[in-house]
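Each remark here refers to the structure printed beneath this line.
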Amino acid sequence: MAINGTQNGVPALETRGLHLHFKTSKGVIHAVDNVDLKLEKGRTTVILGESGCGKSSLARAILRLLPNNVARYDGQVLLGGNELMQLSDEQYRTTVRWTKASLVPQAAMNSLNPVMKIAAQIAEPLYVHKIARSRRDAMRRVREVLKLVGIPEDFLGRYPFEFSGGMQQRAAIAMALVAGPEVVILDEPTSALDLLTQANIMNTLKQIKWELGITFILITHDISTSSELADDIGIMYAAWLVERARADDFFADPLHPYSRMLLDSVPRLHEVKEPEAIPGAPPDLLHPPGGCRFAPRCPRRFEKCGVEPPLFEPRPGTGVKCWLYEP
Ligand SMILES: Nc1ncnc2c1ncn2[C@@H]1O[C@H](COP(=O)(O)OP(=O)(O)OP(=O)(O)O)[C@@H](O)[C@H]1O
Ligand SMILES: [Mg+2]
């Protein structure tokens, strides 16, 4: 399958009506509902939302990394305009994962194999996909990515436990990059690290984006560390993508009532205004309310909110799932 993310006007990645639900002993959890995401090539989209709103599940749904208790998984995932849902799992594994799209999982440091040297782990996707013709070839590529992510070359022969948390995270990023994917999803890449290490890794990501033109999805619940890297923003609430926008527009003028309240809830250095908590709690994803899921907490709700709104496009490149923006 030819995947060409460089065609003009074709998003690097797009989802249409993407759903992912899980079976549990209490019933079915709606983790991702009806998500329409659109990523332009070479841009970084930061996905923000409260804990449990479905950010990691969205990453799993995009990359088809599914647990075995899936109750519903459907919709469209297009990479460079090519529909991935039609691929068999085998085709997906051999033609997409690692080579076209990859994931740095949440708590990636725990996902490294403790008894395998770092160089061998980073090289693994190259062997699995027969990208490297020889060990020497593989090591050349591993050295390249190590440099890219800021791991000194003499760390090659070390084991993960000999790495600091920040270095382990860099190793996980190197592994996601090694096979040359076009889209990389980073799930909370720095949340377990101290502030200085976070900032250093964010800088490295910025550099990588600049050098390689990779399309990143950066999942986080920390608005402040992400705002510097974001070209675009996606806001999730209760398994929905409620707003997507250019980052500049978003921070100047967030559209969805939830986005506004979310921004107001963040303490800012140079603001006189006190941060305001959002009253109420997000809905239970076992029984999400009908109609707009934010309506029970929304100060601007009106009759229409009893029906699920579509994603309106009040300005180009923007989407907002709210009846206030019905043309
Ligand atoms: N394998 C699973 N089986 C059952 N429920 C799951 C599974 N994975 C996630 N969930 C549930 O799906 C919902 C969304 O979870 P998800 O991990 O995607 O949220 P998140 O936004 O990534 O949260 P966090 O910010 O805490 O990482 C939650 O209610 C969670 O408990
Ligand atoms: Mg998560």
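Indexing begins at 1, ligand by ligand and atom by atom, following the structure's order.
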Going by heavy-atom distance to atom 2 (C) of ligand 1, choose the closest among L20, N69, I29.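 Checking each option, the heavy atom nearest atom 2 (C) of ligand 1 is found in N69.
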Which option wins on minimum heavy-atom distance to atom 24 (P) of ligand 1: S51, P282, A31, S57?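 The option holding the nearest heavy atom is S51.
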Considering both backbone and side-chain atoms of K23, is one of its nitrogen or oxygen atoms within less than 3.5 Å of a nitrogen or oxygen in ligand 1?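 No, K23 has no N/O under 3.5 Å of an N/O on ligand 1.
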When only distance counts, is L285 in polar contact with ligand 1, meaning an N/O pair under 3.5 Å?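 No, no N or O pair falls under 3.5 Å.
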Please list, in number order, the atoms of ligand 1 under 4.0 Å from a heavy atom of [X].
| X | answer |
| --- | --- |
| T24 | 4 (C) |
| P67 | 1 (N) |
| Q106 | 27 (O) |
| S56 | 17 (O), 18 (O), 20 (P), 22 (O), 27 (O) |
| C53 | 19 (O), 21 (O) |

Aromatic plane relationship, F161 with Y159 - under 30° parallel, 30 to 60° tilted, over 60° perpendicular: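 Geometry flag for F161 against Y159: parallel rings.
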H19 side chain to G75 main-chain N or O, any donor-acceptor pair under 3.5 Å?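 Answer holds: no.
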Does E182 use its side chain to pair, donor to acceptor, with the backbone of A12 at less than 3.5 Å?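 No, the answer is negative, given that no donor and acceptor are paired below the 3.5 Å cut-off.
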Protein heavy atom at shortest distance from atom 6 (C) of ligand 1: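 For this ligand atom, the closest protein heavy atom is F22 CD1, 3.3 Å.
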Around atom 23 (O) of ligand 1, find the nearest protein heavy atom and jot down its residue, atom name and distance.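 Ranked first by proximity to atom 23 (O) of ligand 1 is G52 N, 2.7 Å.
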Which of these passes ring pair (Phe, Tyr, Trp, His ring centres under 6.0 Å) with F294: Y258, W240, W323?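 That would be Y258; it is the only one of Y258, W240, W323 passing the ring pair (Phe, Tyr, Trp, His ring centres under 6.0 Å) with F294.
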Is it true that atom CD of E211 has more than 12 heavy atoms of other residues, nucleotides or ligands lying nearer than 6.0 Å?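 Above 12, so yes.
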Charged N-O contact under 4.0 Å between [X] and [Y]:
| X | Y | value |
| --- | --- | --- |
| K55 | E50 | no |
| E144 | R141 | yes |
| R315 | D253 | yes |

Please verify whether a non-hydrogen atom of G54 lies at under 4.0 Å from ligand 1.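 In this structure, G54 qualifies as a contact of ligand 1 - some heavy atom is under 4.0 Å.
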Grab the two heavy atoms, one from A123 and one from M139, that are nearest each other, plus how far apart they are.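 Smallest heavy-atom distance, with atoms named: CB-CE, 4.1 Å.
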Heavy-atom pair with the smallest gap, counting every atom of V178 and V145: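 Here V178 and V145 meet closest at CA-CG1, 3.8 Å.
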Under 4.0 Å from atom 4 (C) of ligand 1, do we find at least one protein heavy atom?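 True for atom 4 (C) of ligand 1.
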Would a 4.0 Å cut-off, counted as strictly less than, catch a protein heavy atom around atom 26 (O) of ligand 1?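 For atom 26 (O) of ligand 1 the answer is yes, since some protein heavy atom falls inside 4.0 Å.
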Distance-only polar pair, side chains of N34 and E308, donor-acceptor under 3.5 Å: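 Indeed, the side chains of N34 and E308 share at least one donor-acceptor pair under 3.5 Å.
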Knowing that exactly one of K117, R170, M167 qualifies, which makes a side-chain contact (heavy atoms from CB on, under 4.5 Å) with F155?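 When side-chain contact (heavy atoms from CB on, under 4.5 Å) is applied between F155 and each of K117, R170, M167, only M167 qualifies.
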Please lay out, stage by stage, how E40 and R246 fare under the test salt bridge (Lys or Arg N to Asp or Glu O under 4.0 Å). CA-CA 11 Å; E40 278 174 51; R246 304 245 153 191; 2.7 Å; yes
Just the protein N/O/S atoms under 2.8 Å from the Mg ion (ligand 2), please, no waters.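 Short answer, with waters excluded from the count: S56 OG, Q106 OE1.
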